[in-house]
Chemist: 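One structure, pasted below without further comment.
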Amino acid sequence: MVKVGVNGFGRIGRLVTRAAVLSGKVQVVAINDPFIDLNYMVYMFKYDSTHGHFKGTVKAENGKLVINGHAITIFQERDPSNIKWADAGAEYVVESTGVFTTMEKAAADGPLKGILGYTEDQVVSCDFNGDSHSSTFDAGAGIALNDHFVKLVSWYDNEFGYSNRVVDLMVHMASKE
Ligand SMILES: NC(=O)c1ccc[n+]([C@@H]2O[C@H](COP(=O)([O-])OP(=O)(O)OC[C@H]3O[C@@H](n4cnc5c(N)ncnc54)[C@H](O)[C@@H]3O)[C@@H](O)[C@H]2O)c1
């Protein structure tokens with residue numbers, strides 16, 4: 001199990017945490033967000049107007065966020081360099097504040113199974129809510145405007161697809177250690 005910290009518990013921080021729970025390979029052990037208190041973390045993790053209720057248990061207990069029985073250490077620091085991530089057991093930290101953008105992450109090469117999807121169904125955008133693919137090519141929706149200009153249509157859940165790639169990246173990094 002890869003142990004990670006999450007810096008920033010907004011849309012992406014919460015969905016990375018959900019994706020980590022679903023992955024069974026990544027465990028969130030620490031979360032930092034100076035603008036969201038523990039009780040509000042519980043509420044926002046539990047109820048998501050886009051992705052629905054969390055299908056598991058979440059509560060606040062002894063100053064920790066407890067998800068499916070796993071206690072997560074909570075920090076409320078504006079400056080991430082003050083946080084003792086390693087003491088909380090984190091091997092990696094997901095930067096999901098949108099504030100600290102100087103280090104770039106690069107995705108690894110690999111087969112596109114589970115990443116690029118394909119459909120011939122007549123779908124609309126809400127059919128992809130909660131879809132973990134990065135993109136699903138819609139074979140029937142393309143339009144050839146002329147012989148040289150073809151519009152292709154591909155769908156994705158920008159929050160959950162991205163969050164799943166973050167989890168994949170951490171599993172990949174851990175496998176290369
Ligand atoms: N939302 C999307 O669909 C999406 C998709 C892909 C990538 N992203 C990227 O993910 C990042 C986060 O986006 P988001 O939509 O989750 O934003 P968000 O505003 O929902 O969440 C940001 C969180 O960071 C917290 N925060 C602010 N300053 C902080 C600090 N100093 N220390 C710790 N936490 C702090 C805020 O309280 C908030 O909870 C951005 O870089 C965004 O570009 C977002």
Side-chain angles (χ1 to χ4, degrees), residues 2-23 26-54 58-60 63-67 71-108 110 112 114-117 123-138 153-173:
V2 185
K3 298 195 168 161
V4 304
V6 170
N7 194 44
F9 204 51
R11 299 292 312 146
I12 293 304
R14 295 197 297 275
L15 286 169
V16 165
T17 304
R18 283 191 180 205
V21 170
L22 289 173
S23 77
V26 169
Q27 188 180 346
V28 174
V29 294
I31 292 170
N32 177 52
D33 197 313
F35 303 111
I36 305 180
D37 69 28
L38 179 54
N39 288 332
Y40 199 40
M41 283 183 181
V42 171
Y43 173 78
M44 292 216 293
F45 188 76
K46 194 169 182 180
Y47 301 104
D48 186 308
S49 53
T50 303
H51 297 282
H53 291 190
F54 174 63
V58 55
K59 62 182 175 181
K64 297 200 172 192
L65 181 67
V66 183
I67 298 177
I72 299 171
T73 302
I74 300 302
F75 299 105
Q76 303 224 274
E77 280 282 350
R78 284 181 86 137
D79 180 353
S81 65
N82 289 334
I83 300 168
K84 294 193 165 41
W85 293 106
D87 287 358
E91 302 161 75
Y92 300 98
V93 178
V94 177
E95 166 44 39
S96 49
T97 65
V99 177
F100 305 102
T101 54
T102 48
M103 274 184 46
E104 298 207 356
K105 293 178 190 172
L112 291 176
I115 300 193
L116 183 63
V123 287
V124 293
S125 59
C126 62
D127 296 324
F128 294 87
N129 264 9
D131 193 307
S132 60
H133 290 90
S134 287
S135 194
T136 298
F137 175 61
D138 186 334
V153 174
S154 199
W155 304 92
Y156 56 94
D157 179 330
N158 56 311
E159 295 179 343
F160 205 53
Y162 174 80
S163 297
N164 273 274
R165 293 300 80 71
V166 172
V167 167
D168 288 350
L169 178 61
M170 289 182 293
V171 171
H172 177 74
M173 289 192 298

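Whatever order the structure lists them in is the order used to number ligands and atoms, beginning at 1. Position 1 is the first residue of the sequence; numbering continues from there. Since this is a predicted model, take the numbers as computed values, not measurements.
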Chemist: Could you tell me whether the side chain of T73 and the main chain of A30 form a donor-acceptor pair under 3.5 Å?
Modeler: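 Answer holds: no.
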Chemist: Under a 4.0 Å heavy-atom cut-off, what residues line ligand 1?
Modeler: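 Within 4.0 Å of ligand 1, the protein residues are N7, G8, F9, G10, R11, I12, N32, D33, P34, F35, I36, E77, R78, S96, T97, G98, V99, F100, N158, E159, Y162.
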Chemist: Could you give all pairs that pass the side chain to side chain donor-acceptor pair (under 3.5 Å) test and reach residues 28-37, with sequence neighbours left out?
Modeler: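 The answer is N7-N32.
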Chemist: Taking salt bridge (Lys or Arg N to Asp or Glu O under 4.0 Å) as the test, write out the residues that go with D168, two or more places apart.
Modeler: R165
Chemist: Is there a donor-acceptor pair closer than 3.5 Å between any side-chain N or O of D157 and the backbone N or O of G130?
Modeler: yes
Chemist: Taking only residues two or more places apart in sequence or in another chain, which ones pass side chain to side chain contact (heavy atoms under 4.5 Å, CB included) with R11?
Modeler: R14, L15, D48, T50, H51, E159
Chemist: For the residue pair Y43 and Y47, categorise the inter-ring angle as parallel (less than 30°), tilted (30 to 60°) or perpendicular (more than 60°).
Modeler: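 Aromatic pair Y43/Y47 classed tilted.
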